[in-house]
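Positions are given from 1 along the sequence. Worth saying up front: this structure is predicted, and the values here are computed from it rather than measured. Ligands are counted one by one from 1 in listed order, and the atoms in each one are counted from 1 as well.
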Amino acid sequence: MLIKEAARRAAEDTLATHWRGRDFPVDPFEIAANMGVRASEAPLEDGTSGMVISRLRTQPVIFVEESETRPRKRFTCAHELGHFVERTETLGDLREGFAFVDKRTSKTDAHEFYANEFAANLLMPEDAVRRLEDEGCTLIRMAGYFDVSVPAIEVRLRRLGIRLVPAASC
Ligand SMILES: [Zn+2]
C-alpha cells in the first residue's frame, strides 16, 4: 500500500475508534489521551516544534512547543500521533521504544510524509472538506471550521485536487 493510502486509512480508523459521533474541530490531544498517549504543551529546545517519545514500561508522551499558535499546535500534535500510530502499527508492539523529534527545518522522509498525511486526514477528513466545498466555503471559513492554519488547509485542498470557486458564499 502506498504511504499516502496507509496514512489515510490509519487516520480514518483512528477517527472511527476515538472520535465517533463527535463534531469538528477534531481534538488531537483528546484522541491521544484516548489512545493512552499523554500529550501536552511544553517549552521545547529552539527550533523544535514537537516530539513523541515511547519508552519501555512508561506511558508514551507527546510534547508540542507551547509558543506556537493553537492551529499549529493542533497540527503538530496530530503529526506526532501519526508517528506513534505508524510505529505501533508497523511493529505491532512497543517493545523497542522510539522517539521522533521534529524541528521546524526537518527534512521530509517517508516517516515525515506519513505523519503529515495522517495529521491532514485526521484534522481535515476528505468527505468533510468536500462537503464544505459543496457549500461554497472560503479558505478562511474552512480553516476556522477545522481549526487549522490557512496554509494547512491550502495544502490539503491542493493535495485533494480541489480548487475553490472565487465567489464562495460560506
Ligand atoms: Zn515528524
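Of the possible donor and acceptor atoms, none in the side chain of T17 sits under 3.5 Å from a partner among the backbone N and O of T14.
Side chain to side chain, E112 and H79 meet the donor-acceptor criterion of an N or O pair below 3.5 Å.
Checked against the Zn ion (ligand 1), the N, O or S atom of H79 at the shortest distance is NE2. Of all N, O or S atoms in E112, the one lying closest to the Zn ion (ligand 1) is OE1.
The Zn ion (ligand 1) lies under 2.8 Å from an N, O or S atom belonging to H83. Counting backbone and side-chain atoms alike, D102 contributes an N/O/S atom closer than 2.8 Å to the Zn ion (ligand 1).
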Show which side-chain atoms of residues 46-53 pair as donor or acceptor with protein atoms under 3.5 Å away, not counting sequence neighbours.
from: T48; atom 1: OG1; to: E45; atom 2: O; distance (Å): 3.3
from: T48; atom 1: OG1; to: K103; atom 2: NZ; distance (Å): 3.1
from: S49; atom 1: OG; to: D102; atom 2: O; distance (Å): 3.3

Output side-chain donor-acceptor pairs under 3.5 Å for residues 145-154, partner residues at least two apart or in another chain, one line each.
from: Y145; atom 1: OH; to: R131; atom 2: NH2; distance (Å): 2.9
from: D147; atom 1: OD1; to: R70; atom 2: NH2; distance (Å): 3.0
from: D147; atom 1: OD2; to: R70; atom 2: NE; distance (Å): 2.9
from: D147; atom 1: OD2; to: R70; atom 2: NH2; distance (Å): 3.3
from: D147; atom 1: OD2; to: R74; atom 2: NE; distance (Å): 3.4
from: S149; atom 1: OG; to: A152; atom 2: N; distance (Å): 3.1

